[in-house]
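Have a look at the structure below, then the notes.
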Amino acid sequence: GSTEEKLEWMFKLYDVDQNGVLDRKEVFSLVKGVLRSQNDESKSWDEMKIKVKADELFKRMDADGSGSVDKAEFVAVASKDEQISNALLT
């Protein structure tokens, strides 16, 4: 599928409670899954580094400051994020 379709699938996969938005915990799980799937040995992604990346990504995604990320916000930012884009290629 297209990049957007893959991102929508990823959004649904990590929207654990299926409420149509991602909270901080769900974004952390997504980032952790993406980074670990890339298995980049040059960057050891410990929990702290993952949290920092997840928090940074969450702030960028939560454009309206609602405390959660809807699908449109997720797709807009995730499509420009290097790690997430790379994960879609695998």
Side-chain angles (χ1 to χ4, degrees):
S2 69
T3 298
E4 191 168 329
E5 287 169 339
K6 289 178 183 176
L7 288 170
E8 287 176 4
W9 172 83
M10 188 182 277
F11 181 92
K12 284 183 199 150
L13 183 68
Y14 285 97
D15 182 16
V16 178
D17 56 10
Q18 300 184 343
N19 64 347
V21 293
L22 299 178
D23 59 26
R24 280 188 182 275
K25 193 173 166 189
E26 290 166 332
V27 170
F28 175 81
S29 294
L30 185 149
V31 169
K32 186 175 182 176
V34 164
L35 294 176
R36 295 250 162 99
S37 74
Q38 292 178 6
N39 202 10
D40 185 353
E41 297 302 323
S42 67
K43 293 184 183 130
S44 57
W45 291 101
D46 60 28
E47 294 286 309
M48 197 62 220
K49 286 181 185 168
I50 293 169
K51 185 176 178 345
V52 168
K53 168 76 179 168
D55 285 345
E56 186 262 333
L57 198 60
F58 188 86
K59 283 182 194 131
R60 285 182 21 225
M61 288 180 180
D62 186 19
D64 60 5
S66 66
S68 60
V69 176
D70 65 30
K71 195 185 295 178
E73 290 172 323
F74 172 74
V75 170
V77 174
S79 62
K80 296 179 184 82
D81 183 82
E82 183 184 349
Q83 273 102 9
I84 294 174
S85 294
N86 287 345
L88 296 176
L89 300 173
T90 56

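Since the model is a prediction, treat every value here as computed from it, not as a measurement.
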Check your understanding: So R36 and I50, side-chain contact (heavy atoms from CB on, under 4.5 Å) or not? Walk me through it.
Key -> CA-CA 10 Å; R36 295 250 162 99; I50 293 169; 3.6 Å; yes

**Study point:** Test salt bridge (charged side-chain N to carboxylate O under 4.0 Å, His left out) applied to E56 - qualifying residues, sequence neighbours left out
**Key:** R60

Check your understanding: CG/D62 to CG/D70 distance, rounded to the nearest 0.5 angstrom?
Key -> 9.0 Å

Check your understanding: So which heavy atom on A78 is nearest to which on M61, and how close?
Key -> CB-CE, 4.3 Å

Side-chain polar contacts of residues 10-21 - donor-acceptor pairs under 3.5 angstrom, sequence neighbours left out - could you list them?
from : atom 1 : to  : atom 2 : distance (Å)
D15  : OD1    : Q18 : N      : 3.4
D15  : OD1    : N19 : N      : 3.3
D15  : OD2    : N19 : N      : 3.3
D15  : OD2    : G20 : N      : 2.8
D17  : OD1    : N19 : N      : 3.4
N19  : OD1    : V21 : N      : 3.2

Practice item. Run the numbers on K32 and F28 for side-chain contact (heavy atoms from CB on, under 4.5 Å), then give the verdict. Key: CA-CA 6 Å; K32 186 175 182 176; F28 175 81; 4.0 Å; yes

Point to revise | Heavy-atom side-chain proximity of K49 to D46 below 4.5 angstrom | key: yes

Revision key, fill the gap. Rounded to the nearest 0.5 angstrom, the OG-CG distance for S68 and L22 is 8.5 Å

Check your understanding: Minimum heavy-atom separation for A87 to V34, with atom names?
Key -> CB-CG1, 3.8 Å

Review point. Okay, side chain of S85, backbone of E82: is any donor-acceptor separation there less than 3.5 Å?
Key: no

Review point. In the hydrophobic cluster built from side-chain contacts under 4.5 Å, what are the other members alongside M48?
Key: V52

Practice item. Show your reasoning for whether side-chain contact (heavy atoms from CB on, under 4.5 Å) applies to E26 and D23. Key: CA-CA 5 Å; E26 290 166 332; D23 59 26; 3.3 Å; yes

Check your understanding: salt bridge (charged side-chain N to carboxylate O under 4.0 Å, His left out) with D55: which residues, sequence neighbours excluded?
Key -> R24, K51

Study note, to complete from the structure: V75 meets the side-chain contact (heavy atoms from CB on, under 4.5 Å) criterion, sequence neighbours left out, with E4, L7, E8, K71

Check your understanding: Which heavy atom in A76 sits nearest to a heavy atom in S79, and how many Å separate them?
Key -> O-OG, 3.2 Å

Exercise for review: Could you list the residues that satisfy side-chain hydrogen bond (donor to acceptor under 3.5 Å, both in side chains) with D64, not counting sequence neighbours?
Suggested key: S66

Revision key, fill the gap. Taken in chain and number order and not counting sequence neighbours, the residues that satisfy side-chain contact (heavy atoms from CB on, under 4.5 Å) with K6 are L88

Check your understanding: With K53, which residues qualify under salt bridge (charged side-chain N to carboxylate O under 4.0 Å, His left out), at least two apart?
Key -> D81

Check your understanding: Taking it one step at a time, do I84 and L30 satisfy side-chain contact (heavy atoms from CB on, under 4.5 Å)?
Key -> CA-CA 9 Å; I84 294 174; L30 185 149; 4.0 Å; yes

